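Atoms within a ligand are numbered from 1 in the order they appear, just like the ligands themselves. Computed from heavy atoms alone, side chains included, the values below leave out hydrogens, waters and symmetry copies. Given the structure is predicted, the values throughout are model-derived calculations rather than measurements.
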Amino acid sequence: MKKILVIGSAGQIGSELISELRTRYGKNNVVASDISVGRLKDLYDDGPLEVIDVTNKQHIGNVVIKYKIDTIYNLAAILSAVGEQSPMLAWNIGIGGLLNCLEVAKEVKCAVFTPSSIGAFGGGTPLDFTPQDTIMRPQTIYGISKVTGELLSDYYYKKYGVDTRSVRFPGIISNMTLPGGGTTDYAVEIYYDAVTQKSFTCPLRPGTFLDMMYMPDAINAAIDLMEADPAKLKHRNAFNVTSMSFDPEMIAAEIRKHIPDFAMNYEIEPVKQGIAEGWPNSMDDSAAREEWGWNPKWNLQTMTVDMLKMIREKYAKGLI
Ligand code: AKB
């Protein structure tokens, strides 16, 4: 049985990944960790919890040894828009944290999953049907740290045999934990505002197409890649994965099928707009499909039905 550590468990992805990992591998085999344990206690009182600051290698090493961990999901990160306000913090968490995980993994021989992002593209990347292997000269600290993370992860695999694997996540849409500080966050916030106010003020211009994915597909991507037969992986860090591409007008139109008087306004946020314009409009994820069977289940239509249902339920229970 696997012994898994998730670093950054209280975030948007971590909070849903832990539940799925515990269902698949058993509660006591999945250690949830974050920089403080407060929020974690509310989320997961059903299994082990630890405090880990990813910038502290000792913290990671102690927990890995204590639980005999064989796989680390390293989710600690500062997202793209907020990273531009604190570049050093974004770098220290993204790259300092990753190096700590890789060093511990090298010592104890465990596997490491660290998400990359569509943010790794930019600076000459072809933006339509962006290939798996292409130009990557991003202009944000987030993107620079994602490209560096991919290279470091491949380096530790080739030089030390550390089993590193990664996907380039698009914007992830979910209804349990809000994202914070990302360029694609609007595609989550729009559903909450649609339910609570029947209107949304969008920070990105109409016509700004970005890849997106519903959380259940994102969770499957991470776990399926870590379960994949290593002999079949020609790539490792990192695979393009996507399940839909839309612009603000398309998601608004989809919401109007369920809330006909939903109103969309625009107040463009220049930092987010600038970042979004450097990212793919849509990615080619055929390498992930061929090498480890990536096959997303959700699209804009089915996701919209589910998001509105789940958020309405939260609203009815007074949770938002
Ligand atoms: C962000 O917008 O920063 C993230 C991402 C696409 O990596 N959601």
S.K.: To check your reading of the model: name the closest protein heavy atom to atom 8 (N) of ligand 1, its residue, and the distance in Å.
M.R.: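 I find the closest protein heavy atom is Thr184 OG1, 2.9 Å.
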S.K.: Is there a donor-acceptor pair closer than 3.5 Å between any side-chain N or O of Asn265 and the backbone N or O of Thr201?
M.R.: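 No.
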S.K.: What protein heavy atom is closest to atom 3 (O) of ligand 1, reported as residue, atom name and distance in Å?
M.R.: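 Looking at atom 3 (O) of ligand 1, the protein heavy atom closest to it is Ser80 OG, 2.6 Å.
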S.K.: Of Ile13, Ile18, Leu17, Val112, which is the lone residue that meets side chain to side chain contact (heavy atoms under 4.5 Å, CB included) with Tyr73?
M.R.: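 That would be Leu17; it is the only one of Ile13, Ile18, Leu17, Val112 passing the side chain to side chain contact (heavy atoms under 4.5 Å, CB included) with Tyr73.
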S.K.: For ligand 1, which atoms sit closer than 4.0 Å to a heavy atom of Trp279?
M.R.: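 Result: 1 (C), 2 (O), 3 (O), 6 (C).
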S.K.: Indicate whether the side chain of Tyr191 and that of Thr304 have a donor and an acceptor atom separated by less than 3.5 Å.
M.R.: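 Checked: Tyr191/Thr304 side chains pair up, N/O donor to acceptor below 3.5 Å.
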S.K.: Could you check atom 2 (O) of ligand 1 against the protein and tell me its nearest heavy-atom contact, residue, atom and distance included?
M.R.: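 Nearest protein contact, heavy atoms only, for atom 2 (O) of ligand 1 is Thr183 N, 2.7 Å.
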S.K.: What part of Ile275, side chain, backbone, both or neither, has a heavy atom within less than 4.0 angstrom of ligand 1?
M.R.: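 Near ligand 1, Ile275 shows nothing, with every heavy atom at 4.0 Å or more.
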S.K.: N/O to N/O below 3.5 Å, does that happen between Asp185 and ligand 1?
M.R.: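 No, since none of the N or O atoms of Asp185 sits under 3.5 Å from an N or O of ligand 1.
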S.K.: Report the C-alpha separation of Lys57 and Glu107 in whole Å, then their side-chain angles, then the decisive distance to 0.1 Å, and conclude whether the salt bridge (charged side-chain N to carboxylate O under 4.0 Å, His left out) test is met.
M.R.: CA-CA 12 Å; Lys57 184 182 162 215; Glu107 284 158 23; 3.0 Å; yes
S.K.: Only pairs under 3.5 Å count here: list side-chain donor-acceptor contacts from residues 141-152, not counting sequence neighbours, and write none if there are none.
M.R.:
residue	atom	partner	partner atom	Å
Ser145	OG	Ile141	O	3.2
Ser145	OG	Tyr142	O	2.9
Lys146	NZ	Pro115	O	2.8
Thr148	OG1	Ile144	O	2.6
Glu150	OE1	Arg168	NH2	2.9
Glu150	OE2	Ser116	OG	2.6
Glu150	OE2	Arg168	NE	2.9

S.K.: By the ring-ring contact (aromatic ring centres under 6.0 Å, His included) test, which pairs, at least two apart or in different chains, include something from residues 194-227?
M.R.: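 Only Tyr214-Trp298 qualify under ring-ring contact (aromatic ring centres under 6.0 Å, His included).
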S.K.: Assign the ring pair Tyr160 / Tyr156 to parallel, tilted or perpendicular, where the plane angle (0 to 90°) is split at 30° and 60°.
M.R.: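 Tyr160 vs Tyr156 ring planes: tilted.
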S.K.: Counting each atom of ligand 1 from 1 as listed, which ones have a heavy atom of Ser117 under 4.0 Å away?
M.R.: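 Here the atoms of ligand 1 in question are 5 (C), 6 (C), 7 (O).
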S.K.: Heavy-atom contacts with Leu79 under 4.0 Å: which atoms of ligand 1 show up? List them by number with element.
M.R.: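 Heavy-atom distances to Leu79 below 4.0 Å select 3 (O).
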S.K.: Would you mind listing which atoms of ligand 1 come within a distance below 4.0 Å of any non-hydrogen atom of Ile118?
M.R.: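 Counting atoms of ligand 1 from 1, those under 4.0 Å from Ile118 are 6 (C).
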